[in-house]
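As the structure lists them, so they are numbered: ligands from 1, and atoms in each ligand from 1. These figures come from a predicted structure and were not determined experimentally.
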Amino acid sequence: MALMITDECINCDVCEPECPNQAISMGEDFYQIDPAKCTECVGHFDEPQCVQVCPVNCIPVNPEHVENRETLWQKYQRLQQAAQPASGAGGAGGSTTAGA
Ligand code: SF4
Ligand code: SF4
């Protein structure tokens, strides 16, 4: 599931740097989460980091973006691939199976 930030947000700035996916940014009035980037921290941490640090508990699950763990994991892998130049810099691993 992607998470979302409600209007209870006090713009304290602590969650934004904690997000491993850079999914959090300042919105019009308060911070917001890009559901395309939020993996609920799957792939990085056991717990959603933004929820851990938010002092006012204003980061619930986004009901419009309910995803299971498998979907979140795939999103995480897509984000990782997008974040890295596809120049094959690196050693072992990286078996890219072009499956469905
Ligand atoms: Fe970022 Fe994790 Fe919070 Fe999603 S749950 S916005 S990935 S810190
Ligand atoms: Fe808003 Fe909570 Fe993030 Fe602070 S930690 S900016 S209150 S969502």
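- In this structure, atom 2 (Fe) of ligand 1 lies nearest to the protein heavy atom Cys41 SG, 2.3 Å.
- Side-chain contact between Gln77 and Gln74 is absent, with no heavy atoms from C-beta onward closer than 4.5 Å.
- Between Ile24 and Cys19, the shortest heavy-atom distance links the atoms CD1-CB, 3.8 Å.
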In residues 44-61, what donor-acceptor pairs under 3.5 Å come from side-chain atoms, sequence neighbours left out?
| from | atom 1 | to | atom 2 | distance (Å) |
| --- | --- | --- | --- | --- |
| His44 | NE2 | Asn21 | OD1 | 3.0 |
| Gln49 | NE2 | Glu47 | O | 2.9 |

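- Val14 and Met26 sit in two unconnected hydrophobic clusters of ILVMFWY residues. Membership requires side-chain heavy atoms under 4.5 Å apart, directly or through other members.
- Note on Ile10: it does not cluster hydrophobically with Ile33, by side-chain heavy-atom contacts below 4.5 Å among ILVMFWY residues.
- Which parts of ligand 2 touch Pro55 is read off a 4.0 Å heavy-atom cut-off, strictly below it: atoms 5 (S).
- The shortest side-chain heavy-atom distance between Leu72 and Glu40 falls under the 4.5 Å cut-off.
- Here the heavy atom of the protein found nearest to atom 4 (Fe) of ligand 1 is Cys38 SG, 2.3 Å.
- The number of protein N, O or S atoms lying under 2.8 Å from atom 1 (Fe) of ligand 2 is 1.
- Nearest non-hydrogen protein atom to atom 1 (Fe) of ligand 1 is Cys19 SG, 2.3 Å.
- The proximity of Cys50 to ligand 2, defined as any non-hydrogen pair under 4.0 Å, does not occur for either the backbone or the side chain.
- Closest to atom 5 (S) of ligand 1 by heavy atom, among Gln32, His44, Glu16, Glu40, is Glu40.
- Asn21 ND2, 3.4 Å is the protein heavy atom nearest to atom 7 (S) of ligand 1.
- Remark: side-chain polar atoms of Lys75 are not paired, donor with acceptor, to backbone N or O of Lys37 under 3.5 angstrom.
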